[in-house]
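Read the structure below first, then the notes.
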Amino acid sequence: MASTPEPNPQSATPVIVDGWHTASIPSSDPSGQSGESRLLEGLNPQQREAVLYRGQALLIVAGAGSGKTSVLTRRIASLLENREAWPSQILAITFTNKAAAEMRERVGALVGRVAEGMWISTFHSACVRILRREAENFGFTKNFTIYDSSDSRVLIKRIIKEQGADVLGFTPANVSAKISKLKNELADVDSYARNANMEDPNEAAFVQIFRAYTRALTAANAFDFDDLIGQTVYLFRAFPHVAATYQNRFKHVLVDEYQDTNHAQYSLIRELTRPPALDDNALITTSPGASLTVVGDSDQSIYAFRGADIRNIVEFERDFPGAKVILLEQNYRSTQNILTAANSVIANNFDRKDKKLWTAVGDGEKIVGYTGYSGHDEAQFVADEIEKLHREGMPYSSIAVFYRTNAQTRALEEIFIRSALPYRIMGGTKFYERAEIKDAMGYLVSVANPQDTLALRRILNTPKRGIGPATETQLFRFAEDNNLTFREAMREAAALGLGPKVTNAILSLSALLDEGAALVAEGKVADVLSTLVTKSGLIESLRRSHDPQDEARAENIEELIAVAREFERNNPDGELVDFLTEVSLVAAADDLDDSSGTVSLMTLHTAKGLEYDAVFLTGIEEDLLPHRMSASEPGGPAEERRLFYVGITRAKKRLFLSLAMTRAQYGETAVAMPSRYLQEIPGELIEWRQSPGMANSRGGTQPRALNANRTKWNGTDLATKPLTEKRDWPNRITNQVRDNGSLELAAGDRIRHSDFGEGRVQTVTGEGAKRIAHVQFESAGFKKLLIKIAPIEKL
DNA sequence: ATCGCTCGGGTTTTT
DNA sequence: CCCGAGCGAT
């Protein structure tokens, strides 16, 4: 059914009408024709169709790099320009906040400021927005807290301990994984308990834990990540009039990365696109429900572990009868060599619709392969090649290094620092996950949501104020016995008969939180935060500490205050809860800044949706890719292959595949085998600088860094060594903190480097701790070294 | 209540 | 290897 081009008159608020005048539509052309041809400019026939098709359901199968973002943004622009929808009637769901920001910007570039009225956000952000507005319908308040996975785990840990379930083998990790999985399937305690075999003591115990966890969340006025989606679905189903508000509002729902939606997200989309019910009998409807556009590629589904259900996209046509399907196969990103490699790899996944990416840009350069002796050797190769690319004119910001596990960053980082290579790690140990940041946030959360016992207990004795576990338990009991919240119990601390010192500590913390709450009314988030971390002594205690790391922690808190100020600037009307939401929902890829001028390091998962001129895929080894943990899981190896595919297809011009013969893990060194996926790439596409075979045999060419060390283990063939023996690698990075701060180097000096051997300094650049020596080594070639920490000595 | 020591276990990926 | 839990000393 084709939708009729009629803007809903009720939605025409003056603000939006104003917006229309600023849009770049020729006012003499109400049909929008000339605007339309502009929107279709440069698109291929399939892309055009995807922009123009009108109907209830559209699936755009978009291969990697096929220009889906262009299609999506132009489709939205076309809806707006033809006045088929007001901005407020459009809901676009993206995978990350960064993607949302980019889409908003690109739609804005096409149609002007009207774009601001649209909802373009992630599933989680959209649900928070709805929940904040509607929370009061079902026992929450609008200032609820969002628990991240570590918050959930702390809570679950406490519950397991209280119930003595640890002896049954329950751990916070496995319980929270199981609960998350259930919530992604929209199960709750009751529905789970109905089907559970309660004879089984393990099952019964789990149900108890799940129930206690659910109660604790409700009591704390908190949602965990999975609840954000699940509870929104529940809200819509339980309160049809609430659902109707949104069903009436959104006429067009667009979902990106549809292959990675889980059942809860799928259900949310179903609810949103359902025709609104006029009454509770749901018999009479006023409109056909929102039209749905989904974009995805089942070959890029990499989140099954998080409940993503590939069937959502595979069975789209069955779910939405009459749905239109459009395939985008032409790739505008990569060279043909890269695409052929990607196609060959993914073809090994059976049970998929065949899809072949092609490009008109030509073969391009060959893929480069390298096998290092160790993870550090591999990292050195990556660093050297990046330097080479950079000297040839490629900016650091268009280069990225991907890896399967976060643990792999360590070796890369050490080498990059030594090589004075500017880099940024996306995700990993995230800023907001640092203990001191969580502590500081704990104060803010305690002020925003006084019901949040978890936050209160976190800050109760941080910094140390003499309130130990015994006192904490007493307070907790007192609250339970008198039917008070933990926060209220703190105010009544005098009634507990504790020592004067402890009582005083509790009361003054309580008073500080009240002071913070009073400040919130003035709307200055950063001031509230700054007051709390100062008057609580949190910052002071870190500054006074003897631990040298604590100084950095104090600076991190200062940084958080700066983030809050930045938030105030960007959101003049932003409230405390908005700041808390923003902090809770940042994704690994969100803080990506293309203008940073640095190389980006990230996991393969984080890399999805991004593109770079040059891409390094590291650790292409068995047990890493495919990861050991995935090998036994059904569908595991196929998903790992898709992950490899995603990595390959991020590259525009150059692709480097590297692996190591041995890899350090947990301090042990283990032998690594080349990944099975490597063989799936046609051999002629890869130019091996040092192949797995060469690295094993003696006397093969030994390029770069290895020459320098070779003498030290000359004659010991790696293959003859017992595999399990622990050995010191000559180019292993020692953990000791080196400080060459006082070393003076000048052009012409000769130096010796522990890995690269002897060389001559050509120039020295930079100042103080950042002085960099540019050195020509006799056998290892040219290198840049950070003088302060490089393992070098002057000769 | 707090500090410092030892021991054991552990991350595959993330909103 | 690195972190947290658990324990004994202050």
Within the distance-only criterion (no hydrogens, no angle test), does the side chain of A:Asn461 pair as donor or acceptor with the backbone N or O of A:Arg465 below 3.5 angstrom?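 Checking the backbone N and O of A:Arg465 against the side chain of A:Asn461, a donor-acceptor pair under 3.5 Å is found.
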
Would you kindly check whether a donor in the side chain of A:Arg404 faces an acceptor in the base of B:dT12, or vice versa, at under 3.5 angstrom?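 Such a pair exists between side chain and base.
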
What about A:Ser630, does its side chain sit under 3.5 Å from the base of B:dT13 through a donor-acceptor pair?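 Donor-acceptor pair under 3.5 Å: no.
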
With the stacking rule set at 5.5 Å and 30°, tell me whether A:Phe305 counts as stacking on B:dT12.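 The base of B:dT12 is not stacked with A:Phe305 (the test needs centres under 5.5 Å and planes under 30°).
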
Which is true for A:Ser149 with a 4.0 Å heavy-atom rule: it touches a base, it touches only sugar-phosphate, or it touches nothing?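 Base contact.
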
Just call it for A:Asn461: base, sugar-phosphate, or nothing, with non-hydrogen atoms closer than 4.0 Å on any strand.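 Sugar-phosphate only.
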
Nearest-Å distance for atom pair [atom1]/[atom2], residues [X] and [N]:
X: A:Ile179; N: B:dT15; atom1: CD1; atom2: C1'; answer: 17 Å
X: A:Gln665; N: B:dG9; atom1: CD; atom2: P; answer: 17 Å
X: A:Glu433; N: B:dT11; atom1: CD; atom2: P; answer: 14 Å
X: A:Tyr266; N: B:dT15; atom1: OH; atom2: P; answer: 25 Å
X: A:Ile302; N: B:dT15; atom1: CD1; atom2: C1'; answer: 13 Å
X: A:Glu414; N: C:dC1; atom1: CD; atom2: P; answer: 12 Å
X: A:Asn174; N: B:dT11; atom1: CG; atom2: P; answer: 10 Å
X: A:His605; N: B:dT13; atom1: NE2; atom2: P; answer: 9 Å

Closest to side chain of [X], choosing from [options]:
X: A:Arg306; options: B:dT12, B:dT14, B:dA1; value: B:dT14
X: A:Phe225; options: B:dT2, B:dT11, B:dT15; value: B:dT15
X: A:Thr405; options: B:dT14, B:dT11, B:dT12; value: B:dT12
X: A:Asn406; options: B:dC3, B:dT13, B:dT15; value: B:dT13
X: A:Glu640; options: B:dT12, B:dT15, B:dT14; value: B:dT12
X: A:Arg410; options: B:dA1, B:dT13, C:dC2; value: C:dC2
X: A:Tyr303; options: B:dT14, B:dT15, B:dA1; value: B:dT14
X: A:His627; options: B:dT13, B:dT12, B:dC3; value: B:dT12

For DNA chain B, whose closest nucleotide is more 5', that of A:Ala173 or that of A:Asp226?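 Residue closer to the 5' terminus by nearest nucleotide: A:Ala173.
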
Given DNA chain B, 5'-ward residue of the pair A:Phe95 and A:Val502, judged by closest heavy atom: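 Checking each residue's closest nucleotide, the 5'-ward one belongs to A:Val502.
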
Hydrogens and angles aside, do [X] and [Y] bring a side-chain donor and acceptor to less than 3.5 Å of each other?
X: A:Tyr213; Y: A:Ser152; value: yes
X: A:Arg132; Y: A:Thr581; value: yes
X: A:Thr405; Y: A:Gln408; value: yes
X: A:Asp227; Y: A:Tyr147; value: no

According to a strict under-4.0 Å criterion, is A:Thr606 in side-chain N/O contact with OP1 or OP2 of B:dT14?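 It does, given that an N or O in the side chain of A:Thr606 lies less than 4.0 Å from OP1 or OP2 of B:dT14.
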
With side-chain contact (heavy atoms from CB on, under 4.5 Å) as the criterion, how do A:Ile269 and A:Phe123 come out once you've worked through the C-alpha distance, each side chain's angles and the decisive distance to 0.1 Å? CA-CA 10 Å; A:Ile269 295 300; A:Phe123 271 106; 3.9 Å; yes

